[in-house]
Amino acid sequence: MTTANLNLSRRAVLGGAAALPLVAAAGTPALAAGHGGGAAMPVARSFKLGEMTVTTLLDGSILRDGAKGIFGGNATDEQFAEVSAQNFISAEQAQFYFTPTLVDTGSALVLFDTGLGRGGVVTALAAAGVTPDQIDVVVITHMHPDHIGGLMTDGAPTFPNARYVTGAQEYNFWSKMEAGNRVGDLVASNVTPLAEKTEFIEDGASVAPGVTAMAAFGHTPGHMVYHLESGDRRLVLTADLANHYVWSFAHPEWIVSFDSDKEAATASRRKVLGMLAADRVPMIGYHMPFPAAGFVETRGEGFRFVPVSYQLMG
Ligand SMILES: [Zn+2]
């Protein structure tokens, strides 16, 4: 997902009680204060996966109008309304979540994606007891601004001791953009300065023991998801493979405005979600409702996202 269409301004996020009544000052959802409902959502949640600890980190969240235009480009209004109603959500609005994930492999702290660049990921890491200088590896799944925004803070690397890993195809695409391209410019300022410390990988590369890259192109030209394995436990970090937990699962073929190659994105969704459903492997999706972890089941011609309850506690 890209923030291109989110029209986020710093003022709207930080001070937008009027513009964004359901977004707390820190960018995490809370009910309007004054009726005993002002407590913000927690921003970090840890899961056990064999010897690994996997922690989802809520960098921010925002409520957006125009849900069908974003997630149901080729659906009819009736189809979109029906699937929404069946799943107890509005067909008009979507709550967006931005969720980097920290994986403690036992020998390294690996951070997957870095958020919007407003400090949310650092706050969430602190809630998990981790400081930025402790991060050993930063993996970038793809180079949309909501994933690379947190790489730099005031022009310096946010994670000063980290090495970096990202897809070669992804970097080759964005780093060749002409100046003036919004994503290309952010890649130039946030990714290229780190290139000497970056390993550019292909499909199937091992990032750390038990962590393997899998090509899932379509959302962007080099978008990758990551397979985690520890003991007999598996989990896939699906990044932006499927960006709404109802619409993109029920109808993987519905066009998502953020996907650069619509057909390839649909094919990747069907392939990876099909594998997760067949193997009953849990997933963490960057834009799923926090804490962003769930299972996948087949449902009709598509799939259904089943949020975790207490399955990954130990
Ligand atoms: Zn995204």
Side-chain angles (χ1 to χ4, degrees), residues 1-8 13 23 27-29 43 56-64 66-67 69-71 73 94-102 111-121 124 138-152 165-167 169-171 173-174 181-187 190-191 213-226 236-249 252 254-262 264-266 268-269 272-273 283-294 305:
M1 195 175 291
T2 165
T3 52
N5 302 323
L6 288 177
N7 204 16
L8 272 176
V13 169
V23 177
T28 58
V43 295
T56 57
L57 304 163
L58 185 60
D59 178 67
S61 183
I62 186 170
L63 185 69
R64 282 275 287 141
I70 299 170
F71 292 107
Q95 185 78 39
F96 284 59
Y97 298 81
F98 303 90
T99 316
T101 295
L102 178 70
L111 177 67
F112 291 81
D113 291 329
T114 65
L116 294 154
R118 300 188 180 97
V121 71
V138 175
V139 178
I140 296 297
T141 63
H142 67 293
M143 296 188 184
H144 277 161
D146 53 323
H147 299 256
I148 64 170
L151 278 169
M152 293 285 184
V165 175
T166 197
Q169 195 160 325
E170 182 74 358
Y171 184 67
F173 179 81
W174 293 113
N181 177 279
R182 199 180 58 91
V183 179
D185 287 353
L186 193 62
V187 168
N190 279 19
V191 181
M214 296 165 55
F217 303 153
H219 178 67
T220 60
H223 177 268
M224 304 267 238
V225 301
Y226 287 85
V236 175
L237 301 175
T238 58
D240 281 20
L241 175 83
N243 278 335
H244 191 277
Y245 83 103
V246 168
W247 303 308
S248 301
F249 283 71
W254 281 359
I255 287 173
V256 178
S257 63
F258 304 115
D259 292 343
S260 63
D261 181 333
K262 316 296 186 194
T266 292
S268 287
R269 276 194 283 279
V272 177
L273 295 179
M283 59 166 276
I284 289 171
Y286 193 83
H287 296 292
M288 297 298 99
F290 198 76
F305 179 72

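As the structure lists them, so they are numbered: ligands from 1, and atoms in each ligand from 1. Sequential numbering from 1 along the given sequence is applied to the chain's residues.
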*Asks:* Which word best sums up how the rings of Phe258 and Phe71 line up, parallel for under 30°, tilted for 30 to 60°, or perpendicular for over 60°?
*Replies:* perpendicular
*Asks:* Please determine whether His142 has a backbone or side-chain N, O or S atom lying under 2.8 Å from the Zn ion (ligand 1).
*Replies:* no
*Asks:* In Asp146, which N, O or S atom comes closest to the Zn ion (ligand 1)?
*Replies:* OD2
*Asks:* Round to 10° and report the angle made at the Zn ion (ligand 1) by NE2 of His287 and NE2 of His147.
*Replies:* 120°
*Asks:* Hey, mind stepping through Tyr97 and Thr56 against side-chain contact (heavy atoms from CB on, under 4.5 Å) and telling me if it holds?
*Replies:* CA-CA 11 Å; Tyr97 298 81; Thr56 57; over 6 Å; no
*Asks:* Check whether any N, O or S atom of His144 sits under 2.8 Å from the Zn ion (ligand 1).
*Replies:* no
*Asks:* Over 60° means perpendicular and under 30° means parallel, so classify the ring planes of His142 and His147, tilted if in between.
*Replies:* tilted
*Asks:* Test of understanding: with ring-ring contact (aromatic ring centres under 6.0 Å, His included), list the residues that count as partners of Phe290, not counting sequence neighbours.
*Replies:* none
